[in-house]
Engineer: 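I have a structure I would like to understand better, so I am pasting it below and will then ask my questions one at a time.
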Amino acid sequence: MTFFYFRPLFHPTTLEISHKKPPYPITPALRQYLRAYDRETQLPVTYADLRHFTGSFPLLDRTGHDTLWQTVFFEPQALRELSQGLTEVYALLKTAGDLSFTEHLLADRVDYCEFGNSKPFRVRIVNQLNDNYDYFYVKQADASRLYGLELEHLLSPNSMNFLVSGDTLIEEHIVGIPGDDFIRLHLSLPHLNQVRLAKEFVKFNERCFVRLLGDMRAYNYVIAVTPDFEDEQYRVKAIDFDQQSYEGRRAMYLPQFFKDNAAVVEMCARHLKPETLRQYQTEERALMARRARAERHRLRDLLDVMRRHELAPPEKVAQLKAELNRYHRTTAFARCDSMGDIVRQNLWLMLGSVARPVGG
């Protein structure tokens, strides 16, 4: 069972993320998995096409602050071709390729961010009939991120909608308030139901550790707020999956240990007693086990591919094996040869008390 510390018992500088994590290529086995589960398709626009922009300017938020995104622009002829292609990509993502809706859609803005591993483009699609708009992302396809997206889709309450074509990844926009903005602007609001938010953060912390998703600093997740008939409900959703089972330190897979989550951890300490906290952890593992059981064939296929894929340096694999052996008080991880093996073993140990998630 994950022990959630009621106070941040760590020095803020002790967790160092591998910012320069190398991209891992898609293997033929992973490509076959993506094709089998309708994640791969042919796209009219690729990541390389968007790299041919001719200039950019900083994108500011409503208060005039730099968002770290750059709005890019293209030559007129290239822009016309890209706009049509990007609306077709949106149709592939949203309507399974039904192009009858694209006549009134327009790709009116493309933003680019150099921050992070994936260096994404963000495309804004506008419905010209009602001025409503939506976003999707165009990224370089990295195997670590693909495994992270698939594990999130199979084991979390959040469905992940994405497509892959060659070295291009298309991702649906995940709706919610960025965690750092939420902590800064909303955490102290009087109407905020802190008990419900604390419960959801504990569950989020548990999900990350069970499936070994790392680097959940505040700007790598969002908080979705849903009005209920008496109050508000909250859900914490990861939006960055580059650090799926890459780091060697166990603490990297627990959001509670990151400095910028300290205010939320303190809130959990004020409102949750140990027995309540253990209840929420058990609830989340039971839900994960139920999802794993429902998707057992697809999850087994994914883990079989992941176990044969090199996704981290050998020294990180060895470190995580040792730390998880100590934490779980077992020697089972000593038999693991890859990060995929470790993920499978961690799922088995943490979900096994409520259901066997994957085959032997």
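Computed from a predicted structure; not experimentally measured.
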Engineer: Quick one, Arg207 and Pro157 - any side-chain contact, counting heavy atoms below 4.5 Å?
Structural biologist: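 Sidechains of Pro157 and Arg207: in contact.
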Engineer: Of the non-hydrogen atoms in Phe74 and Ala78, which two are nearest, and what is the gap between them?
Structural biologist: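 Looking at all heavy atoms of both residues, the shortest contact is CB-CB, 4.4 Å.
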Engineer: Test side chain to side chain contact (heavy atoms under 4.5 Å, CB included) on Leu43 and Ile170 and set out the steps.
Structural biologist: CA-CA 9 Å; Leu43 297 172; Ile170 306 296; 3.5 Å; yes
Engineer: Any chain of hydrophobic side-chain contacts (each under 4.5 Å) joining Val210 to Leu149?
Structural biologist: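 Same cluster: Val210 reaches Leu149 through Ile, Leu, Val, Met, Phe, Trp or Tyr contacts under 4.5 Å.
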Engineer: Tell me, please, which residues at least two apart from Gln70 pass side chain to side chain contact (heavy atoms under 4.5 Å, CB included).
Structural biologist: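 Result, side chain to side chain contact (heavy atoms under 4.5 Å, CB included) vs Gln70: Ser56, Pro58.
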Engineer: Mind checking what makes salt bridge (Lys or Arg N to Asp or Glu O under 4.0 Å) contact with Glu152, not counting sequence neighbours?
Structural biologist: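 Checked Glu152 against salt bridge (Lys or Arg N to Asp or Glu O under 4.0 Å); matches are Arg211.
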Engineer: Begin from the C-alpha positions of His52 and Glu75 and carry the test side chain to side chain contact (heavy atoms under 4.5 Å, CB included) through to its verdict.
Structural biologist: CA-CA 9 Å; His52 295 150; Glu75 296 292 343; over 6 Å; no
Engineer: Between Val138 and Phe136, is the side chain to side chain contact (heavy atoms under 4.5 Å, CB included) condition met? List the steps.
Structural biologist: CA-CA 7 Å; Val138 183; Phe136 69 88; 3.7 Å; yes
Engineer: With sequence neighbours excluded, what pairs up with His153 under the ring-ring contact (aromatic ring centres under 6.0 Å, His included) test?
Structural biologist: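 ring-ring contact (aromatic ring centres under 6.0 Å, His included) list for His153, sorted by chain: empty.
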Engineer: Report yes or no: do Leu299 and Ile342 belong to one cluster of Ile/Leu/Val/Met/Phe/Trp/Tyr joined by side chain heavy-atom distances under 4.5 Å?
Structural biologist: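 Yes, same cluster.
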Engineer: Whether the side chain of Ser245 engages the backbone of Gly340 through a donor-acceptor N/O pair (distance < 3.5 Å, no angle test) should be reported.
Structural biologist: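 Not confirmed, Ser245 side chain does not pair with Gly340 backbone.
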Engineer: Can we say Arg196 and Glu232 salt-bridge, meaning some charged N sits less than 4.0 Å from an Asp/Glu carboxylate O?
Structural biologist: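 Looking at Glu232 together with Arg196, the answer is no, because their closest N to O distance does not fall below 4.0 Å.
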Engineer: Under the side chain to side chain contact (heavy atoms under 4.5 Å, CB included) test, which residues partner Asp49, sequence neighbours left out?
Structural biologist: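 Result, side chain to side chain contact (heavy atoms under 4.5 Å, CB included) vs Asp49: Val45, Thr46, Leu82.
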Engineer: In this structure, are over 12 heavy atoms from other groups packed under 6.0 Å from His65 atom NE2?
Structural biologist: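 Check fails, neighbour count at 12 or below.
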Engineer: Roughly how far apart are Met288 CE and Ser156 OG, rounded to 0.5 Å?
Structural biologist: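 Taking CE in Met288 and OG in Ser156, the distance rounds to 8.0 Å.
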Engineer: Is the backbone N or O of Thr63 less than 3.5 Å from a side-chain atom of Asp61, with the two atoms forming a donor-acceptor pair by type?
Structural biologist: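 Pair found, side chain donor or acceptor close to backbone of Thr63.
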Engineer: A cation-pi test, strictly: NZ or CZ of Lys21 under 6.0 Å from the centre of the six-membered ring of Tyr246 and no more than 45 degrees from its axis. Yes or no?
Structural biologist: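 Yes, a cation-pi geometry holds between Lys21 and Tyr246.
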Engineer: Just by distance, do the side chain of Thr95 and the backbone of Ala91 share a donor-acceptor pair under 3.5 Å?
Structural biologist: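 Checking the backbone N and O of Ala91 against the side chain of Thr95, a donor-acceptor pair under 3.5 Å is found.
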Engineer: Does atom CD of Gln84 have more than 12 heavy-atom neighbours from other groups under 6.0 Å away?
Structural biologist: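 No, CD of Gln84 has 12 or fewer neighbouring heavy atoms, counting only those of other groups under 6.0 Å.
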Engineer: Checking Asn205 against Tyr253: is there a side-chain donor and acceptor pair closer than 3.5 Å?
Structural biologist: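 Checked: Tyr253/Asn205 side chains show no N/O donor-acceptor pair below 3.5 Å.
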Engineer: So, for Asp240 and Asp242, which heavy atoms are closest and what is the spacing to 0.1 Å?
Structural biologist: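 Answer, listing the atom of Asp240 first, then Asp242: OD1-N, 3.0 Å.
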Engineer: Can you list everything that forms a side chain to side chain contact (heavy atoms under 4.5 Å, CB included) with Glu81? Sequence neighbours excluded, please.
Structural biologist: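 For Glu81, the residues satisfying side chain to side chain contact (heavy atoms under 4.5 Å, CB included) (neighbours in sequence not counted) are Gln77.
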Engineer: For His328 and Asn346: C-alpha separation, side-chain torsions, deciding distance, then whether side-chain hydrogen bond (donor to acceptor under 3.5 Å, both in side chains) applies.
Structural biologist: CA-CA 9 Å; His328 288 293; Asn346 206 50; 2.8 Å; yes
Engineer: Taking all non-hydrogen atoms of both residues into account, name the closest pair between Val265 and Gln256 and its distance.
Structural biologist: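 Looking at all heavy atoms of both residues, the closest pair is CG2-O, 3.5 Å.
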Engineer: In the single-linkage hydrophobic clustering (I, L, V, M, F, W, Y; side-chain heavy atoms under 4.5 Å), do Ile174 and Phe201 co-cluster?
Structural biologist: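 Linked within one cluster.
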Engineer: Side chain to side chain contact (heavy atoms under 4.5 Å, CB included) with Gln279: which residues, sequence neighbours excluded?
Structural biologist: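 Side chain to side chain contact (heavy atoms under 4.5 Å, CB included) check on Gln279 returns Glu283.
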Engineer: Mind jotting down which residue pairs meet the salt bridge (charged side-chain N to carboxylate O under 4.0 Å, His left out) criterion with at least one end in residues 24-45? Sequence neighbours excluded, please.
Structural biologist: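 Qualifying pairs: Arg31-Glu40, Arg35-Glu40, Arg39-Glu150.
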Engineer: Nearest 0.5 Å, please: how far is CG in Leu277 from NZ in Lys273?
Structural biologist: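 One finds 13.0 Å between NZ of Lys273 and CG of Leu277.
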Engineer: Taking the six-membered ring for Trp, are the ring centroids of Tyr112 and Phe53 within less than 6.0 Å of each other?
Structural biologist: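 Yes - the distance between ring centres of Tyr112 and Phe53 falls below the 6.0 Å cut-off.
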Engineer: Can you sort out the partners of Tyr135 under ring-ring contact (aromatic ring centres under 6.0 Å, His included), two or more places apart, ordered by chain and number?
Structural biologist: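 Expected list: Tyr133, His173.
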Engineer: In plain terms, say whether Asp181 and Arg184 are close enough for a salt bridge, that is, a side-chain N and a carboxylate O under 4.0 Å apart.
Structural biologist: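 Result for this pair is yes, salt bridge flagged.
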Engineer: Does a donor on one side chain sit under 3.5 Å from an acceptor on the other, for Gln194 and Arg270?
Structural biologist: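 Checked: Gln194/Arg270 side chains pair up, N/O donor to acceptor below 3.5 Å.
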Engineer: According to a hydrophobic-cluster definition based on side-chain heavy atoms being under 4.5 Å apart (Ile, Leu, Val, Met, Phe, Trp, Tyr only), do Leu287 and Val202 belong together?
Structural biologist: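 Cluster IDs for Leu287 and Val202 differ.
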Engineer: Which heavy atom in Asn193 sits nearest to a heavy atom in Tyr234, and how many Å separate them?
Structural biologist: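 Scanning both residues, the minimum pair turns out to be N-OH, 3.1 Å.
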Engineer: Honestly curious: do Leu185 and Tyr219 fall in one hydrophobic cluster under the side-chain, below-4.5 Å linking rule?
Structural biologist: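 No, Leu185 and Tyr219 fall in different hydrophobic clusters.
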Engineer: For Asp108, what residues pass the salt bridge (Lys or Arg N to Asp or Glu O under 4.0 Å) criterion, not counting sequence neighbours?
Structural biologist: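 Partners of Asp108 under the salt bridge (Lys or Arg N to Asp or Glu O under 4.0 Å) test: Arg124.
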Engineer: For residues 160-169, please give each side-chain donor-acceptor pair under 3.5 Å, one per line with the distance, not counting sequence neighbours.
Structural biologist:
{"unit_1": "Asn161", "atom_1": "ND2", "unit_2": "Leu93", "atom_2": "O", "d": "2.9"}
{"unit_1": "Ser165", "atom_1": "OG", "unit_2": "Thr41", "atom_2": "O", "d": "3.1"}
{"unit_1": "Thr168", "atom_1": "OG1", "unit_2": "Tyr47", "atom_2": "N", "d": "2.9"}

Engineer: Begin from the C-alpha positions of Phe209 and Tyr327 and carry the test side chain to side chain contact (heavy atoms under 4.5 Å, CB included) through to its verdict.
Structural biologist: CA-CA 12 Å; Phe209 183 60; Tyr327 173 77; 3.6 Å; yes
Engineer: Side chains of Ile26 and Asp142: does their closest heavy-atom pair fall under 4.5 Å?
Structural biologist: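 The answer is no; the side chains never approach within 4.5 Å.
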Engineer: What pair of heavy atoms forms the shortest contact from Val175 to Ala224, and how long is it?
Structural biologist: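 In terms of heavy atoms, the two residues are closest at O-CB, 4.0 Å.
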Engineer: Is the distance between the ring centroids of Tyr147 and Tyr33 less than 6.0 Å?
Structural biologist: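 Not under 6.0 Å, so no.
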Engineer: Is Arg217 salt-bridged to Asp260, cutoff N-O under 4.0 Å?
Structural biologist: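 Judged by the 4.0 Å cut-off on N to carboxylate O distance, Arg217 and Asp260 do not form a salt bridge.
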Engineer: Is the shortest heavy-atom distance from the side chain of Leu187 to the side chain of Leu192 under 4.5 Å?
Structural biologist: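 Leu187 vs Leu192: side chains touch.
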Engineer: My understanding is that only residues two or more places apart in sequence, or in another chain, count here; which of them pass salt bridge (Lys or Arg N to Asp or Glu O under 4.0 Å) with Arg109?
Structural biologist: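 Result, salt bridge (Lys or Arg N to Asp or Glu O under 4.0 Å) vs Arg109: Asp111.
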Engineer: Looking at Leu79, is its backbone amide N or carbonyl O close enough to the side chain of Ser83 to form a donor-acceptor pair, meaning the two atoms are under 3.5 Å apart?
Structural biologist: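 Such a contact is absent between Ser83 side chain and Leu79 backbone.
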Engineer: Identify the heavy atoms of Tyr24 and Pro313 that sit nearest to each other, and give their distance.
Structural biologist: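 Shortest heavy-atom contact: OH-CD, 3.8 Å.
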Engineer: Listed by chain and number, what are the salt bridge (Lys or Arg N to Asp or Glu O under 4.0 Å) partners of Asp304, not counting sequence neighbours?
Structural biologist: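 For Asp304, the residues satisfying salt bridge (Lys or Arg N to Asp or Glu O under 4.0 Å) (neighbours in sequence not counted) are Arg307.
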Engineer: Would you find more than 12 non-hydrogen atoms of other residues, nucleotides or ligands less than 6.0 Å from Gln42 atom CD?
Structural biologist: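 No.
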Engineer: Measuring from Leu151:CG to Met306:CE, what's the distance to the nearest 0.5 Å?
Structural biologist: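 Here the interatomic distance stands at 5.5 Å.
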Engineer: Does the Thr102 side chain pair with the main chain of Leu105, one donor and one acceptor, at a distance under 3.5 Å?
Structural biologist: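 The answer is no, because no donor-acceptor pair under 3.5 Å joins these two groups.
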Engineer: Is the number of heavy atoms from other residues, nucleotides or ligands under 6.0 Å of Gln128 CD greater than 12?
Structural biologist: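 Yes, enclosed.
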Engineer: Side chains of Arg235 and Lys203: does their closest heavy-atom pair fall under 4.5 Å?
Structural biologist: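 Side chain of Arg235 against side chain of Lys203, heavy atoms only: no contact under 4.5 Å found.
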